[in-house]
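What follows is a set of notes on a single structure, which appears directly below.
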Amino acid sequence: MNDNFTTTTLLIRYMDNELAVEEQSSLEATLNNDEALKQELDNLKFTRLCVNGLGLRKQVGDVHAEMMEEFKQTNKPIGILRSITRVSMRVAAGLLVLILAGGVYQYITISPEKLMNENYKS
């Protein structure tokens, strides 16, 4: 078996806390003296962190896709009753604007002299 593979397996077991106490203390002593081995352990930890992050990102993406599907299914077209209500509210608003405009016109155009001339009969 490849020595590098054995070392990597040993480091993975160390990260998973699967080593016996003697093996763990021996490996920790070796890690204190060997920078390359310490670097490989750091790389394995980083790799584990990245894989966990990728898994989490995939889970979030799956949940998002599922929610979007549910949203598309529940987003039904507006019913005919709502459509009629909207049209009638628009018509009522238009009529209200016309009535107010007529009232403003009459208020502006009526004067005492004009009323006298229109209603006085000699």
Side-chain angles (χ1 to χ4, degrees):
M1 200 182 281
N2 189 351
D3 186 45
N4 189 26
F5 180 75
T6 306
T7 306
T8 304
T9 305
L10 185 65
L11 289 174
I12 291 172
R13 288 181 55 214
Y14 173 74
M15 288 183 352
D16 292 339
N17 292 325
E18 295 176 351
L19 293 178
V21 177
E22 305 86 31
E23 288 177 315
Q24 185 173 353
S25 60
S26 172
L27 181 62
E28 287 173 352
T30 307
L31 281 171
N32 289 334
N33 298 329
D34 190 358
E35 283 297 319
L37 192 61
K38 192 182 291 186
Q39 182 66 35
E40 186 176 351
L41 179 64
D42 289 341
N43 288 342
L44 285 172
K45 287 180 180 178
F46 181 72
T47 302
R48 178 178 279 179
L49 183 67
C50 289
V51 168
N52 287 341
L54 181 64
L56 182 62
R57 182 174 284 170
K58 180 163 178 11
Q59 286 176 347
V60 169
D62 291 344
V63 169
H64 180 263
E66 184 179 321
M67 287 177 57
M68 291 307 291
E69 283 300 319
E70 288 179 13
F71 179 72
K72 287 178 184 176
Q73 292 173 357
T74 57
N75 196 7
K76 296 178 182 173
I78 297 175
I80 199 161
L81 182 61
R82 284 187 180 173
S83 179
I84 291 172
T85 304
R86 283 186 180 176
V87 170
S88 62
M89 292 300 281
R90 287 177 182 167
V91 169
L95 289 175
L96 182 64
V97 167
L98 287 175
I99 291 171
L100 288 174
V104 168
Y105 175 76
Q106 283 185 354
Y107 178 77
I108 291 173
T109 58
I110 293 179
S111 67
E113 294 84 23
K114 190 173 181 181
L115 279 174
M116 168 91 177
N117 291 336
E118 287 179 2
N119 294 324
Y120 180 70
K121 295 180 183 175
S122 46

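Just so it is clear, the structure is predicted and the values come from calculations on it, not from any experiment.
- Q24 contributes atom CD, which lies 11.0 Å from atom CZ of R13 (distance to the nearest 0.5 angstrom).
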Can D34 and Q39 be said to form a side-chain contact (heavy atoms from CB on, under 4.5 Å), step by step? CA-CA 9 Å; D34 190 358; Q39 182 66 35; over 6 Å; no

Step by step, would you call D16 with R48 a side-chain contact (heavy atoms from CB on, under 4.5 Å)? CA-CA 11 Å; D16 292 339; R48 178 178 279 179; 2.6 Å; yes

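- Pairing each heavy atom of K114 with each of T109, the nearest pair is CD-O, 3.7 Å.
- Between the side chains of Y14 and E23, not a single donor N or O lies within less than 3.5 Å of an accepting N or O.
- In terms of heavy atoms, K38 sits closest to L31 at CE-O, 3.2 Å.
- Atoms CZ and SG, from R57 and C50 in turn, are 10.0 Å apart once rounded to the nearest 0.5 Å.
- For the residue pair T8 and E40, a side-chain donor N or O sits within less than 3.5 Å of a side-chain acceptor on the partner.
- Summarising the geometry, atom CG belonging to L27 is positioned 5.0 Å from atom CG belonging to L10; distances are rounded to the nearest 0.5 Å.
- Listed for the S26 side chain is no donor-acceptor partner under 3.5 Å among the backbone atoms of E22.
- For the atom pair CZ of R90 and CG of L95, the computed distance is 14.5 Å after rounding to the nearest 0.5 Å.
- From L19, atom CG reaches atom CD1 of I12 across 11.5 Å, with rounding to the nearest 0.5 Å.
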